[in-house]
Amino acid sequence: MIDARVNEDRLWHSHMVMAKIGATPGGGVGRLALTDLDRDARDLFVGWCQEAGCRVRVDRIGNVFARRAGTDESAAPVMTGSHLDTQPLGGRFDGIFGVLAGLEVVRALNDAGIATRRPLDVVVWTDEEGARFRSGVMGSGVFRGLGTLEDALAMTDEAGCSVGDELARIGYAGPEPVGGFPIHAYFEAHIEQGPVLESEGIVIGVVEGAQGSRRFRVTVEGEEGHAGTLPMTLRRDALLGAARMIDAINKVAFRHQPHPVITAGAIHVRPNSPNTVPGQAVFTIDSRHPDAAVLAAIDEEMRAACAAIAEAGGLPLRIEQTSDNQPVAFDPRCIDSVRNAATALGLSHRDIYSGAGHDACNLSHVAPTGMIFVPCEKGISHNEKENAKPEDLAAGAAVLMQVLAEWAAS
Ligand SMILES: [Zn+2]
């Protein structure tokens, strides 16, 4: 344990000043990636970091690295951060907390006069939200080596503006190569974006990993017929079959609790007429679980359940998988560090899986990685109403400071 204290008021004040950039009438923030507002937020962060004695570098995808020097400058850095961009009607904390918690750690270490052996890098990853360029975790993705820099720079928004042009326009097309250097460890603090911690009255979520997801499009074929003349016994009702399948996949989810979440979120019926027996129903399945093997087993069970219903109803069935995101498991040593720091600080904590994707998921492929969750009000996120308590944010930053200091000493 290092003897330094994060400043709760300063951390909260930084959030409130940052929240003015792109403030929405509903009390949230709308700050899309690589807009003028994103530039202003980056400029504010860079200014604060320079005041705190950090050296700032920007890479070619616009990721910003603010470095607090270590006593051994040849040592690989310990890194922390998140994102400053938001959803169009987003909140004041999603991503922003992870960046400002990193800055608060730097300030608190400065206050206490504590030097670390390894340098500390506080990072702002470019375009985490993906709202503008239909991308998502772009900066950390390129950093990890997922896709090429050229492809990312060529992506365009709805108005046809490219990532590369927008980076240059706002002054964040940096000269540094993207990634390719060793990182000793990466930790990201984030609001939970779910209701678990708040509902259990727990302050720190020790994040074990992020769940994987698979998406499917299910097409059920039946035969159209007159709603008044076709007897019930002779019908091949595609919507009825789809309804039974949706009920069956819901039961699969309940069989595997506590972890899986399975959603049939969209449905299209043909011809969608009140007095015609439906001839076709197409619906989506979104299935998520932290364990790849269980995710695969759930996949099999859902297919079998749908096939049985299709068979019984004489309904030809087609199931297409439309996406496959592997679960992420964070490094056990990083998970232990977060848990131990929370215990040592006397903070209530529990292990938890992230339901959402984060920059940390990309970083877990290039460095030992861990995450720290703090509660947010009612679990609401991607919403102007997103809220968090100053003391919970400070608790998360305090845990972050301890784990960064521990890894920066090793
Ligand atoms: Zn986020």
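Counting starts at 1 for both ligands and their atoms, in listed order.
Side-chain contact annotation: His83 with Asp85, donor-acceptor N/O pair under 3.5 Å present. Defined by atom type and a distance below 3.5 Å, a donor-acceptor pair is present between the side-chain atoms of Asp151 and Thr148. Inspection of the Asp286 and Thr263 side chains reveals no N or O donor paired with an N or O acceptor under 3.5 Å.
Ion pairing between Asp324 and Arg215 fails under the 4.0 Å rule for side-chain N and carboxylate O.
Listed by chain and number, His83 NE2, Asp94 OD1, His190 NE2 are the protein N/O/S atoms closer than 2.8 Å to the Zn ion (ligand 1), with waters left out.
Put simply, the side chain of Asp72 never gets that close to the backbone of Arg117: no donor and acceptor are under 3.5 Å apart.
In summary, the aromatic rings of Phe143 and Tyr186 are positioned with their centroids too far apart to meet the 6.0 Å limit.
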